[in-house]
Amino acid sequence: MQTPVAALSLHDSQRRMTVPFTPLDPEHVKVYYCGPTVYDLAHIGNLRAMLTADVLVRFLRHAYPRVTFVRNITDVDDKITARARENGEDIASLTQRTTEEFHQDLAAMNVLPPDIEPRATHNIGEMQALIARLIENGHAYEAAGHVLFSVASFPSYGALSGRDPEDLVAGARVDVATYKKDPGDFVLWKPSDAEQPGWESPWGRGRPGWHIECSAMSHRYLGESFDIHGGGSDLLFPHHENERAQSLCCFPQGKFANYWVHNAMLLVEGEKMSKSLGNFLTIRDVLKQAPAEALRLLLLGAHYRSTLNYTQAGLQDARKVLDRFYRALAAGPVPEVAPPEAVVMALAEDLNTPKALAELHVLAGQALAGDREAAGALKAGAGMLGLLQDDPEKWFKGDASEEDAAIDALIAERAAAKKARDFARADALRDQLQGQGIVLEDTKDGTIWRRA
RNA sequence: GGUCCGGUGGCAGAAUGGUGAUGUAGCGGACUGCAAAUCCGCGAAUGUGGGUUCGAUUCCCGCCCGGACCUCCA
């Protein structure tokens, strides 16, 4: 039996409003997220989408008995082909290495793995089946070695992203391929030359277009209708619009995704993150400067639908906040209790993580004042955000090292000096440790230390 | 050019048609041999110009600024 939880409301991109979430099957909630194209290290913008999904899925698991979370790996893409060529590397080795790095980075960030993580290249047959079906029922056609989706055949094209197909044509800034019947038509299958990865198909050796993989994998693992489909807001158009068109045309009886969740982009020091500005940050770049948990807290500090400004100062802030939270946990025993209502309620309001964090601050204050029940609630509430599950000792001191004994020795020496009222000596020892990045705190139970 | 989203204290960031959270930073005090941590207190914000309203930061319109997307490309 699940504990009763506040009813979740979610902002659905298609309806453009926040609505109560009602699962198709309350016994089994199904979620699909677009995962990475594995040609390079994940950056903190990618991370934001993964983190949004993580908080969403954690909440769903709290509220419903069973959740299946599918997040794919896109391991066939022209960016991958290009990068492999630049590196003089095998495509397979590039995608495998990048996938492993992705997994390591997310594990470091305490992002839980999906239940199923299908790869595009393992689902080529599924994609071809969908494409054949679309041709059969008149939603796709072959032209110049390509198979294209016919936008005109799907009246509600544009409904997800709120676009009028007419506008799209008028504003198109890319030359329209002459073999398209309609400028809005997009590729389902394209021919590959000898250099490019390709698979045999009824339409010749080729490779899939960008969008069909998600239609194929979501169908295979979640069926014709599932609850939530998510990703970054930049995927709304054309990627998700096209996925929706393909899937609904293949399976007109199904609903495809019932709710669409899109997270906003982030800025770096007030500027758009881009390679040309040189402010492109991978997860690994950030983890050289601060603990993963600080980055996680920083990213959860803004609501997922708001543009978030990532800054160095913000990263340091997040660290100090975690110092305070862990101090509250370290101040005494931490009983195991259920997540506090206030935190659950905040998250139920379209995953309002900043509000949930504000509630955690209240609990931290109470815990520091001696309320151990509040400390338990702090830990349980933070757990819903994937925070504060580490040992406080580890947070403050890092992994135990042989250096620790030396630190303890200096602290003992300082204690002796203090006892002898030789404060000059005591302060010198403290300064020495300070220089090594060790901060001392004298408490009534003796001196404790932490790394700055 | 088109469509859409947003502009809240130094910084980050909630909320709301009727006294604007929270954190961090700053300042003052308590505690401390001095610090650190903790506690108490203080100051500090709704881009701009109109409109609707008894009342607007919230709703509407213009402007300025930022961002996303505009079809094989996050």
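Here is the naming used below: chain letters follow the sequence lines, and residue numbers restart at 1 for every chain. On a predicted model such as this, the values are computed, not experimentally measured, just so you know.
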Separation between the P atoms of B:rU57 and B:rG50, rounded to whole Å = 12 Å
Let me know the distance between CG of A:Asp427 and C1' of B:rA36, rounded to the nearest Å.
-> 12 Å
Pick base, sugar-phosphate or nothing for A:Gly301, based on heavy-atom distances below 4.0 Å to the nucleic acid.
-> sugar-phosphate
Salt-bridge contact A:Glu441-A:Arg327 (side-chain N to carboxylate O under 4.0 Å) = yes
Touch check for A:Ala313, heavy atoms < 4.0 angstrom, all strands: base, sugar-phosphate only, or nothing?
-> nothing
Which residues pass the side chain to side chain donor-acceptor pair (under 3.5 Å) test with A:His139, sequence neighbours left out?
-> A:Ser153
Provide, to the nearest angstrom, the distance between the CD1 atom belonging to A:Ile448 and the C1' atom belonging to B:rA37.
-> 8 Å
Report the distance from atom CG of A:Leu235 to atom P of B:rC70, rounded to the nearest whole Å.
-> 10 Å
Phosphate oxygens OP1/OP2 of B:rA68: is one of them under 4.0 Å from a side-chain N or O of A:Lys272?
-> yes
Considering only the C1' atoms, how many Å lie between B:rG18 and B:rG26, rounded to the nearest integer?
-> 32 Å
Taking 4.0 angstrom as the limit, do A:Lys355 and A:Glu349 come out as a salt bridge?
-> yes
May I have the distance from A:Tyr304 (atom OH) to B:rA12 (atom P), rounded to whole angstrom?
-> 22 Å
A:Phe423 six-ring centre to A:Lys418 NZ/CZ under 6.0 Å and within 45° of normal | no
Provide, to the nearest angstrom, the distance between the CG atom belonging to A:Asp350 and the C1' atom belonging to B:rG13.
-> 16 Å
When you compare B:rU32 with B:rC11, how far apart are their C1' atoms, in angstrom units rounded to a whole number?
-> 30 Å
SG/A:Cys249 to CZ/A:Arg133 distance, rounded to the nearest 0.5 angstrom?
-> 11.0 Å
Using the C1' atom on both, measure B:rG66 against B:rU24 and round to a whole Å.
-> 24 Å
Choosing from B:rC72, B:rA14, B:rA35, which nucleotide comes nearest the side chain of A:His146?
-> B:rC72
Heavy-atom nearest nucleotide on RNA chain B taken for A:Leu440 and for A:Gly314; more 5' hit belongs to A:Gly314
Mind checking A:Asn46 for me? I need base, sugar-phosphate or nothing, with any heavy atom below 4.0 Å counting as a touch.
-> base
Does the pair A:Asp404/A:Lys397 count as a salt bridge with the N-to-O cut at 4.0 Å?
-> no
Sugar-phosphate, base or nothing in reach of A:Leu308, heavy atoms under 4.0 Å = sugar-phosphate
Taking CD from A:Gln246 and C1' from B:rC72, how many angstroms apart are they, rounded to a whole number?
-> 12 Å
Please measure how far the P atom in B:rG9 lies from the corresponding atom in B:rG49, and state the result in whole Å.
-> 16 Å
Is the distance from OP1 or OP2 of B:rA15 to the nearest side-chain N or O of A:Asn352 less than 4.0 Å?
-> yes
Check every strand shown and say whether A:Gly232 touches a base, only sugar-phosphate, or nothing at a heavy-atom separation below 4.0 Å.
-> nothing
Span that lies between the C1' atom of B:rA15 and that of B:rU52, in whole angstrom = 23 Å
Can you check each nucleotide of nucleotides 22-28 of chain B against protein heavy atoms at under 4.0 Å and return B for base, S for sugar-phosphate only, - for none, in 5' to 3' order?
-> SBSS---
Quantified in whole Å, what is the P atom distance between nucleotide B:rC63 and nucleotide B:rU3?
-> 13 Å
Across the strands shown, which category fits A:Asn309 at heavy-atom distances under 4.0 angstrom: base, sugar-phosphate, nothing?
-> sugar-phosphate
A:Gly162 vs A:Gln434, nearer the 5' end of RNA chain B by closest nucleotide = A:Gly162
So what does A:His303 hit on the nucleic acid, given a heavy-atom distance under 4.0 Å: a base, only sugar-phosphate, or nothing?
-> sugar-phosphate
A:Asn263 atom CG is separated from B:rG6 atom C1', nearest whole Å, by 15 Å
Whole angstrom is fine here: how far is it from CG in A:Leu351 over to C1' in B:rA14?
-> 15 Å
Answer with base, sugar-phosphate or nothing: what part of the nucleic acid does A:Leu236 contact at a heavy-atom distance below 4.0 Å?
-> nothing
Thinking salt bridges, do A:Lys190 and A:Asp78 make one under a 4.0 Å N-O criterion?
-> yes
Under 3.5 Å donor-acceptor pair, A:Arg327 side-chain atoms to B:rA37 base atoms = no
Reading RNA chain B 5' to 3', what string of ( ), [ ], | and . shows its pairs, if Watson-Crick and G-U wobble pairs count only when both distances fall under 3.5 Å?
-> (((((((..(((.....[...))).(((((.......)))))....(((((..]....))))))))))))....
Hey, does A:Arg16 reach any base, or is it just sugar-phosphate, or nothing, if we go heavy atoms under 4.0 Å?
-> nothing
Can you tell which of B:rC34, B:rG67, B:rA36 lies closest to the side chain of A:Leu267?
-> B:rG67
Do NZ/NE/NH1/NH2 and the carboxylate oxygens of A:Arg15 and A:Asp12 come within less than 4.0 Å?
-> yes
Euclidean distance for P, B:rC4 against B:rU8 (whole angstrom) = 22 Å
So what does A:Arg48 touch, heavy atoms closer than 4.0 Å: a base, only the sugar-phosphate, or nothing?
-> nothing
For A:Ser306, report the nucleic acid contact type (base, sugar-phosphate, nothing); a contact means any heavy atom under 4.0 Å.
-> sugar-phosphate
Considering only heavy side-chain atoms of A:Arg163, the closest of B:rG2, B:rC34, B:rA37 is B:rG2
For A:Glu241 and A:Ser161, test the side chains for any donor-to-acceptor distance below 3.5 angstrom and give the result as yes or no.
-> yes
Stepwise salt bridge (Lys or Arg N to Asp or Glu O under 4.0 Å) test for A:Asp427 and A:Arg430 | CA-CA 5 Å; A:Asp427 290 352; A:Arg430 185 171 63 195; 3.6 Å; yes
A:Arg207/A:Asp77 salt bridge by N-O under 4.0 Å criterion = no
Option among A:Gln96, A:Gln104, A:His103, A:Arg97 that satisfies the side-chain hydrogen bond (donor to acceptor under 3.5 Å, both in side chains) test with A:Glu100 | A:Gln96
Side-chain donor-acceptor pair under 3.5 Å between A:Tyr259 and A:His229, yes or no?
-> no
Using a 4.0 Å heavy-atom cut-off across all strands, classify A:Arg450 as base, sugar-phosphate, or nothing.
-> sugar-phosphate
